[in-house]
**Q** 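Dropping a structure here in structure tokens format, bear with me for questions.
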Amino acid sequence: MFFENDLLNMQKPPETGRCIDPACIRPAGAIGAQVECHETIDSTNDRAKELARAGAPHGTIVLADRQTAGRGRFSRRFYSPAGSGLYLSLILRPKMPAERAVCLTAMLAVAVCRAIEAAANVEARIKWVNDVYIGDKKVCGILCEAGLDASGGVDHIIAGVGINVAPMVFPGDIAGIATSVSNACGKTVPRERVIDALIAQIAALYAGLDDLSFMDEYRRRSNVIGRAVYVQRGDERFPARAVDINNAGSLIVQTADGVLQTLHSGEISIRFDSDFSK
Ligand code: BTN
């Protein structure tokens with residue numbers, strides 16, 4: 001058991017930035033063969049987009065110690081202070097139609113869970129569609145953005161991954177809902193250990209991308225299947241029960257009147273006030 005106060009006994013994050021030494025990053029095949037490191041950047045996704053448009057190869061990683069405009073889904077900011085997290089964007093050039101690219105987010109979520117478990121021996125689970133949780137707190141967000149070619153096919157995918165790793169004190173608006181790998185396991189976990197495991201897991205899973213075999217693991221790691229949730233779709237918000245996630249990465253929910261709906265995108269929150277049978 002670990003309590004937030006124990007943070008006082010843990011190594012404090014450095015006041016100034018310290019980017020991970022690129023020499024410490026071990027590539028796995030093409031993944032991480034080229035790495036660009038920044039002490040401070042607005043958003044690694046934006047920089048990776050520039051590089052991808054300029055022809056950077058599959059597997060290139062942009063890594064930053066700190067982001068001043070880290071982005072999440074729905075244009076939310078992603079808290080990215082110095083010395084604390086892994087903020088990285090990976091350029092992928094998969095041969096697949098844009099609508100299938102959603103499976104890359106699922107693949108990355110599985111890779112992040114495996115990497116956290118390998119580095120810190122703490123269980124990580126996935127909240128549909130792109131968040132990784134330890135217990136009931138978010139430890140990582142994933143933002144995949146597609147760049148299309150002239151004929152509407154996928155030219156590249158920018159896979160942005162933000163993992164809170166070092167001991168962290170979060171600002172008020174996210175203090176109750178966010179955690180870091182170190183906070184969750186009660187000891188300082190080096191970022192180098194997490195990125196090393198992450199690169200290896202991404203390379204292993206990407207090799208099996210076509211048969212979608214990682215989707216079984218994605219479902220096993222889901223922290224929403226079987227639970228009462230609220231679905232947010234545009235301005236609409238309704239209660240439902242999460243039933244399953246199909247191989248296309250869509251969430252199947254059952255609404256209060258028993259109707260099954262397949263959600264291709266959107267957002268859910270877990271309902272702690274109901275088990276849906278009430
Ligand atoms: C989310 O929580 O909705 C996704 C967050 C994704 C954050 C990562 S950090 C590295 C990369 N650069 C960004 O600006 N965003 C992603």
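Numbering of ligands and ligand atoms starts at 1, following listing order.
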**Q** For ligand 1, which atoms have a heavy atom of Gly72 less than 4.0 angstrom away?
**A** 1 (C), 3 (O), 4 (C), 5 (C)
**Q** Please check: side-chain N/O of Asn130 versus main-chain N/O of Leu143, any donor-acceptor pairing under 3.5 Å?
**A**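 No, the answer is negative, given that no donor and acceptor are paired below the 3.5 Å cut-off.
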**Q** Is it the case that more than 12 heavy atoms not belonging to Asp173 sit under 6.0 Å from its CG atom?
**A**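 Yes, enclosed.
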**Q** Within a distance under 4.0 Å of any heavy atom of Ser43, pick out the atoms of ligand 1 and give their elements.
**A**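 With Ser43 as reference, the close atoms of ligand 1 come out as 12 (N), 13 (C), 14 (O).
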**Q** With heavy-atom distances below 4.5 Å as the criterion, would you say the side chains of Ile195 and Leu63 are in contact?
**A**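 In contact.
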**Q** For ligand 1, which atoms have a heavy atom of Gly70 less than 4.0 angstrom away?
**A**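 Going through ligand 1 atom by atom, the ones under 4.0 Å from Gly70 are 14 (O).
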**Q** Considering non-hydrogen atoms of the protein only, which is the closest contact for atom 5 (C) of ligand 1, and what is the distance?
**A**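 Looking at atom 5 (C) of ligand 1, the protein heavy atom closest to it is Phe78 CD1, 3.5 Å.
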**Q** With atoms numbered from 1 as shown, which atoms in ligand 1 lie under 4.0 angstrom from a non-hydrogen atom of Ile142?
**A**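 Going through ligand 1 atom by atom, the ones under 4.0 Å from Ile142 are 4 (C).
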**Q** With heavy-atom distances below 4.0 Å as the criterion, list the atoms of ligand 1 near Arg71.
**A** 5 (C), 6 (C), 7 (C), 13 (C), 14 (O), 15 (N), 16 (C)
**Q** What is the ring orientation for His58 with Tyr206, classed by angle as parallel under 30°, tilted 30 to 60°, or perpendicular over 60°?
**A** tilted
**Q** In ligand 1, which numbered atoms sit nearer than 4.0 Å to a non-hydrogen atom of Arg73?
**A** 1 (C), 3 (O)
**Q** Nearest protein heavy atom to atom 2 (O) of ligand 1, by residue and atom, and its distance?
**A** Lys138 NZ, 2.6 Å
**Q** In a check of side-chain contact (heavy atoms from CB on, under 4.5 Å) between Tyr218 and each of Leu212, Val129, Thr105, which one passes?
**A** Val129
**Q** Which of the numbered atoms in ligand 1 are below 4.0 angstrom from a heavy atom of Thr44?
**A** 10 (C), 11 (C), 12 (N)
**Q** Please verify whether a non-hydrogen atom of Gln67 lies at under 4.0 Å from ligand 1.
**A** yes
